[in-house]
2 protein chains.
Amino acid sequence: MSIDAARPTINDVAERAGVSRTTVSNALNGKGTIGAETIERVKRVADELGYEPNAMARGLRQSKLGVISLLIRPLESLDTAMPEGVDYFLRFAGSAALAAMDHGYSLMLISDPTKPGAPPSSLAADGCLVEAPIRNDPALTLLDRKRIPFVAVGVDPARADAFPAIAQQTERDTRLALDHLLDAGARRVALVTGTDENSWNAHARRGYEQWAAEHGIEPMIRARDETSGVDGGRTVAHELLTGDAPPDGVYCLTGRHAAGFVAGARELGVGVPDDLLVVAGSDAVMNRTSTPTITALDLRPVETARLAVDALIRLLDGEPVDWSSLDPASELVVRDSTSRRNGDAAVTA
Amino acid sequence: MSIDAARPTINDVAERAGVSRTTVSNALNGKGTIGAETIERVKRVADELGYEPNAMARGLRQSKLGVISLLIRPLESLDTAMPEGVDYFLRFAGSAALAAMDHGYSLMLISDPTKPGAPPSSLAADGCLVEAPIRNDPALTLLDRKRIPFVAVGVDPARADAFPAIAQQTERDTRLALDHLLDAGARRVALVTGTDENSWNAHARRGYEQWAAEHGIEPMIRARDETSGVDGGRTVAHELLTGDAPPDGVYCLTGRHAAGFVAGARELGVGVPDDLLVVAGSDAVMNRTSTPTITALDLRPVETARLAVDALIRLLDGEPVDWSSLDPASELVVRDSTSRRNGDAAVTA
DNA sequence: CTGAAAGCGCTTACAG
DNA sequence: CTGAAAGCGCTTACAG
């Protein structure tokens, strides 16, 4: 319980060891040419005093703090800190933290630095990761203006090529999901997106529209707040399934909407997968453990985070980055919600 | 894509505005007494240049960076970054980040600062939160030695009163769970803990032993690595349920062990809740969505994180903290795994 | 109302 | 092999 005695500085060590600050610094950092016994003594004294270099002073001098910040855009439109059942961001953050540590960096979670109340420390990092930027994202504009290197995960839909970004292949992923619904027997496939203006929603919508046109399917699109979660999925299920021409397949971008859609269908006596096929665009724990389990796209948050961190570090080190090769490669995990027992005959019918 | 032109400093602003650094600093921070039009001009120039005070320099001067670090101990013994289905830590971290922001701080996720490869930035924060410290935790020792204020969440089992901590009421929680199992009809209740040497495992074990003695119940305790997850729960179920005197109730501290235990029981033809009652000591998504759903203790990670951050900030501000009043108040969420249809008659039998 | 000077705790040429 | 000096970008008494 001690906040009393101030932390020892390099001066304290120098004085007690009877050498200069320079020598302490060199001895502790293994630089310059210092006598073996001097190094020994300095290290001992530093240890006795509990000396630890002040990271800010060091950072100031080396203009490198050793910190990467992470701005998760969708979290700001979600009501709560870390909503239950949304594990993409959580796993992304955890993986990014570990990847950062591998490079000798720490990961700092920040809030929108363009907001008035934002802590000054939100701009204190050496570089920044922006997950799911929104259209004309002011945070990207600010970072660019402040010359803080950053990597976006998912492009700014209005400025796809303006900034360094890991471009998620959302349109390809969308086709993967829609083709699977078709293969599993669906003929009237609806799309349920979120309302955030990020590339995920925008590109999924575009991919769906093209796919629907190609297959001569009447587009059925609904958008629900990401915030609405399971309940939003339930209400949209009621809306679509009680309409004139209800869908027999639905692609819900968020795992929570998908779970809600299944629940809503059940309330209406619509069986999944028998009467309705459901695919989620983002895998979450609840998709794995619900009844029925829900087919979902695994967006590979852990791998994506690592790619993003690696790219950012290369940027910081002034090394070249081949952005085109950074493909997280999502994968469709097929589960009960698209697996009919009587099944596959219908597909080729 | 620009890392070229260096970021503008206070000197650039001063020069361009035709004033001194002092004046720029005062004008921008609303300190001192500066002429209205000077303030105006300085702000305009700063804006034109995209000037943002260097947080490190400011931090160095004010000896306050505006960053709180978070060390989540159990994560280091878990193999993977953010394991699926473990949402306590994730929700804790998210909530802590938000609470920190409310106070004008950012939250930095760090790895064990006592480890050789740890980034220097891991000691760069103004204060630190240590979630679930282990017995004689070297990180606590280090922080104390470096005079970095910290708050532990859960005590160091070997030094319960040595450091500022939010003492979780694990023994009380354990009784809550065990009494519920008894009420629901269990007579031979087993305990499955993790193997990390933190207060959670230690105090649950102690609480169980006392409770068992009081109720004349033969103690049945098993420990499984936290890492083992669902699979660990399954194997321990096999071990216990095929033994001489199998339990008819089990309290698994981790949600994943509980889920695995239920799965293992099913494999053996042991029905939950009919033949076996199961309670999890930590609520997770999978406990809510599995079949049957699993009764669990909600440890209130979101509230706990907020309490911890608030306490740490008070510590940093030199304000008094009443540690005794910081009680997260867990709550038992009763679900199918302890709800027998024929039910409550057995309880009073 | 404004600015010169000192200093936060380090590192890094550079001189000896 | 070692140290005096400069300087990273700020803030803060203090003098004018």
Side-chain angles (χ1 to χ4, degrees), chain A residues 5-43 45-46 49-67 119-121 123-126 146-148, chain B residues 5-43 45-46 49-67 119-121 123-126 146-148:
Chain A
R7 295 176 56 178
T9 74
I10 197 172
N11 284 312
D12 299 320
V13 179
E15 192 175 340
R16 181 124 152 209
V19 294
S20 70
R21 290 206 302 268
T22 306
T23 299
V24 173
S25 178
N26 284 333
L28 259 28
N29 294 314
K31 298 198 174 168
T33 51
I34 313 282
E37 63 185 32
T38 306
I39 293 182
E40 180 81 0
R41 181 156 39 94
V42 168
K43 283 194 173 168
V45 170
L49 259 38
Y51 169 72
E52 191 77 24
N54 179 315
M56 286 183 280
R58 167 180 280 172
L60 181 58
R61 190 56 234 248
Q62 300 182 329
S63 56
K64 170 174 177 307
L65 227 201
V67 176
S121 50
L123 257 359
D126 300 314
K146 303 296 184 195
R147 315 227 149 69
I148 297 171
Chain B
R7 296 176 55 177
T9 72
I10 197 172
N11 285 312
D12 300 320
V13 178
E15 191 175 341
R16 181 123 156 210
V19 294
S20 72
R21 290 205 302 265
T22 306
T23 300
V24 173
S25 178
N26 283 333
L28 259 27
N29 294 316
K31 299 200 172 165
T33 51
I34 314 282
E37 63 186 31
T38 305
I39 292 182
E40 181 80 2
R41 181 158 38 93
V42 168
K43 284 193 174 169
V45 170
L49 260 38
Y51 169 72
E52 191 76 24
N54 179 314
M56 285 183 279
R58 168 181 278 173
L60 181 58
R61 191 56 237 244
Q62 299 182 331
S63 55
K64 169 177 177 307
L65 227 201
V67 175
S121 51
L123 256 0
D126 300 314
K146 304 295 185 198
R147 315 231 149 69
I148 297 172

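Phosphate proximity of dC10(C) to Ser25(A): absent, as no side-chain N or O sits under 4.0 Å from OP1 or OP2. In this model, the phosphate group of dG3(D) is approached by a side-chain N or O of Thr23(A) to a distance below 4.0 Å at OP1 or OP2. OP1 or OP2 of dC8(C) has not a single side-chain nitrogen or oxygen of Asn54(A) nearer than 4.0 Å. For dT11(D), the OP1/OP2 oxygens have no side-chain nitrogen or oxygen of Lys31(B) closer than 4.0 Å.
Distance Asp126(A) CG to dC8(D) C1': 14 Å, rounded to the nearest Å. Per the geometry, CZ belonging to Arg58(B) stands 18 Å off P belonging to dG9(C), to the nearest Å. Atom CE of Met56(A) is separated from atom P of dT11(D) by 13 Å (rounded to the nearest Å). Rounded to whole Å, atom C1' of dA13(C) lies 11 Å from atom CG of Asn26(A). Atom pair Arg21(A):CZ and dT2(D):P shows a separation of 17 Å (rounding to whole Å applied). When rounded to the nearest whole Å, the span between CG of Leu28(B) and C1' of dC10(D) equals 12 Å. Atom CG of Leu65(A) is separated from atom C1' of dT11(C) by 15 Å (rounded to the nearest Å). Atom-to-atom, CD of Glu40(B) to P of dT2(C) comes out at 13 Å; the value is rounded to the nearest Å.
If you check dA13(C) for Watson-Crick or wobble pairing at under 3.5 angstrom, you find it has no partner at all. Searching all strands for a Watson-Crick or G-U wobble partner of dA4(C) with both distances below 3.5 Å returns nothing.
Among the nucleotides dG9(D), dT11(C), dG3(D), the one closest to any side-chain atom of Arg61(A) is dT11(C). Closest approach to the Val19(A) side chain among dA4(C), dT11(D), dG3(D) is made by dG3(D) (side chain taken as heavy atoms from C-beta onward). Of the candidate nucleotides dG3(D), dG9(C), dC10(D), dG9(C) has the atom nearest to the side chain of Thr9(A). Taking the side chain of Leu60(B) as heavy atoms from C-beta on, and the options dC1(D), dC10(D), dC8(C), the nearest nucleotide is dC8(C). Candidate nucleotides dC8(D), dT11(D), dT2(C) were compared by shortest atom distance to the side chain of Asn29(B), and dT11(D) ranks first.
Of the N and O atoms on the side chains of Ser25(B) and Thr22(B), not one donor lies less than 3.5 Å from an acceptor on the other residue.
Using modelled atom types, one side-chain atom of Asp12(A) and one backbone atom of Thr9(A) make a donor-acceptor pair closer than 3.5 Å. Side chain of Ser121(A) to main chain of Ala124(A): no donor-acceptor pair is present (N/O by atom type, distance under 3.5 Å, no hydrogens or angles).
Between Thr22(A) and Ala36(A), the one whose closest nucleotide on DNA chain D sits nearer the 5' end is Ala36(A).
Closest approach of Ala57(A) and Leu60(B) over heavy atoms only: CB-CD1, 3.7 Å. When all heavy atoms of Ala55(B) and Leu65(B) are compared, the pair lying nearest together is O-CD2, 3.9 Å.
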